[in-house]
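A note on names: the letters A, B, ... follow the listed sequences, proteins ahead of strands, and every chain is numbered from 1. Atom set for the values below is all heavy atoms of this structure, side chains included, hydrogens, waters and symmetry mates excluded.
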Number of protein chains: 2
Amino acid sequence: MPEIVDPNGFLPRYYQLANILRERITRGELAAHQPIPSERQLETIYSVSRTTIRQAIDLLVRQGFLYREHGRGTFVSPQKLQKGIWELTSFTEDMRRRSITPGQKILEIGEVKPPPEVRSHLELPADCERVLCVERLRLGDGVPMGLQTSYYLLPEGQTITREELEATGSIYILLQEKFHLIPTEADETLEVCLATPREANLLQIKAGSPLLLSERTTYSQARRVMEFVKILYRGDRYRYSAKLTR
Amino acid sequence: MPEIVDPNGFLPRYYQLANILRERITRGELAAHQPIPSERQLETIYSVSRTTIRQAIDLLVRQGFLYREHGRGTFVSPQKLQKGIWELTSFTEDMRRRSITPGQKILEIGEVKPPPEVRSHLELPADCERVLCVERLRLGDGVPMGLQTSYYLLPEGQTITREELEATGSIYILLQEKFHLIPTEADETLEVCLATPREANLLQIKAGSPLLLSERTTYSQARRVMEFVKILYRGDRYRYSAKLTR
DNA sequence: CAGTGGTCTAGACCACCGG
DNA sequence: CGGTGGTCTAGACCACTGT
């Protein structure tokens, strides 16, 4: 007795179907390397066309939950491949996925004159003199994990206050509620660097300890730059993971 | 006078079409943020159905060459987004993309008893006592970039010799030609570490310098593990980049 | 409003895998 | 051989964008 894909639902059918299947996988109802029903079977089970079935499966394959073998079938990926999927996440979501309790301490929040590096990443016009800068210490299970500095170009006369950020805890929620900005895509680079005395002090490590530096430019719906973020992660407490395809 | 999508071609039509469009973009024929023809126009231009057009565009969007805006059109991504795309590549390909001439020095090649870490990543049976281990110094424009150690489980009695590897330069080519193993997917983790005296000596840096450690498990067509690789990159010469989506 | 991309259908043929 | 996924068609309607 399968769940039903609602043709009048808010979400597209392929998306509903992907959610149903993902749910069954994460609940362990479908075990690793076990085949799911064939596309023609799913057609009759859920009363949607094969194209829609394939769209749902495509999504789950990209998300790492399923893999296909031509001529054999579609199978459930082993559990470990379902973690560390390469998706755009906030620090908070990232920590929650790792089963770590996220926290933060706001160090600075206010308007600043953008340094050239920020000006370039945010694609600022030459006459733009003020951007919002937020510097936060990011905590995992109460211990410093990283030092985050982010920059935003907000509509004229608008801003975000420390009180608002403390109340919601998430800048993404504020950006969505106040300015309808939703992150959809980002470019990220990762490199290694060494902690300056100030950074070391904030992160509670020794000066000169190795850090992982992430720089990210985030784009909103209409592909406008909405954010430039630098995060210095403690090298001893952070590891990146990703799934690569060909 | 567009190129023609050959229905009898070796490659599927959506793939041929994607290649044609990608070519036009990288040649600069279509500039950044400029719209490409609409899907209905492309239908008549290339005489393929809209589904096939969309499949080609989907591919280029995932590869970072195009972006869509609902109700407006499909546009060419700015150049910087076309680099550092998150794909499974060999060290050699990776370097070539960065316009760096790759090189290598084979330090060790031979059968070893697998350490527990390798045993786990390669999913080796308990009675497996020998795997192929290859240690290479990887060069970029002649200068040490990284130290790579890779492990392979080969068919009984088969192996790869130093001479073969020196002749082709690429272990992936050998694995394909000798054993029909083609990499299709991988899981990768990145973290920071410090160079041991031996590593520092090989990489021509000071002991204790920061390194970027990449660990990768690579899967072949039938989703069998085919390789486990560790690469220690010089922190001062290497940077990772990726495109994230939601 | 017309034009765009987003979703969906019902069918077809091909290439690959296993018994 | 039958069953699987891979590709492809010709159409349809919806949701969104601009003017």
How does protein contact run along nucleotides 12-19 of chain C, one letter per nucleotide 5' to 3', with B for base contact, S for sugar-phosphate only, - for none, heavy atoms under 4.0 Å?
BB-BBSS-
In this structure, how many angstroms lie between the P atom of D/dT7 and the CG atom of B/L59, rounded?
10 Å
Output yes when at least one side-chain N/O atom of B/T52 is less than 4.0 Å from OP1 or OP2 of D/dT9, else no.
yes
Measure CG/A/L17 against C1'/C/dC8 and give the value in whole Å, please.
13 Å
Provide, to the nearest angstrom, the distance between the CG atom belonging to A/L42 and the P atom belonging to D/dG5.
8 Å
Comparing A/Q55 with B/Q41, nearest DNA chain C nucleotide closer to 5' gives the residue B/Q41
Of all pairs that satisfy salt bridge (charged side-chain N to carboxylate O under 4.0 Å, His left out), the ones with a partner from residues 43-56 of chain A, not counting sequence neighbours:
A/E39-A/R50, A/E39-A/R54
No-hydrogen, no-angle side-chain donor-acceptor test under 3.5 Å, B/E117 and B/Y151:
no
Non-neighbouring partners of A/F228 that pass ring-ring contact (aromatic ring centres under 6.0 Å, His included), sequence neighbours left out:
A/H121
Tell me whether the count of non-hydrogen atoms from other residues, nucleotides or ligands lying under 6.0 Å of CZ in A/F179 goes above 12.
yes
Assess, by modelled atom type and distance only, whether the side chains of B/R22 and B/Q63 contain a donor and an acceptor separated by less than 3.5 Å.
yes
Please identify each residue that fulfils side chain to side chain contact (heavy atoms under 4.5 Å, CB included) with B/E177, with sequence neighbours left out.
B/I173
Between A/E164 and A/K178, is the closest basic N to carboxylate O distance under 4.0 Å?
yes
Keeping A/Q104 on the side-chain end and A/G169 on the backbone end, is there a donor-acceptor pair under 3.5 Å?
yes
Under-4.0 Å side-chain N/O to phosphate OP1/OP2 contact, A/S38 with D/dT4:
yes
Separation of atom CZ in B/F10 from atom C1' in D/dG6, rounded to whole Å:
15 Å
Tell me: CZ of B/R68 to P of D/dA15, nearest whole Å?
18 Å
Would you say D/dT7 has OP1 or OP2 under 4.0 Å from some side-chain N or O of B/R13?
no
Between C/dT7 (P) and B/D58 (CG): distance, integer Å:
10 Å
Just to confirm, is there a sub-4.0 Å distance from OP1 or OP2 of C/dT7 to any side-chain nitrogen or oxygen of A/Y14?
yes
Mind checking what makes side chain to side chain donor-acceptor pair (under 3.5 Å) contact with A/Y152, not counting sequence neighbours?
A/S150, A/E227
Give the rounded distance in Å between these two atoms: CD1 of B/I53 and C1' of C/dG5.
13 Å
Calculate the interatomic distance between B/E39 atom CD and C/dT7 atom C1'; express it in whole Å.
11 Å
Determine to 10° how strongly the helix from C/dC1-D/dG18 to C/dG18-D/dC1 is bent, judged from the axes of its five-pair ends.
10°
Counting N and O atoms only, with roles assigned by atom type, does the side chain of B/Q41 sit under 3.5 Å from a partner on the main chain of B/S38, one being a donor and the other an acceptor?
yes
Ignoring backbone atoms, test whether B/T51 places a side-chain nitrogen or oxygen under 4.0 Å from the OP1 or OP2 oxygen of D/dA10.
no
Winner on side-chain proximity to B/V48, out of C/dA10, D/dT9, D/dG5, is D/dT9
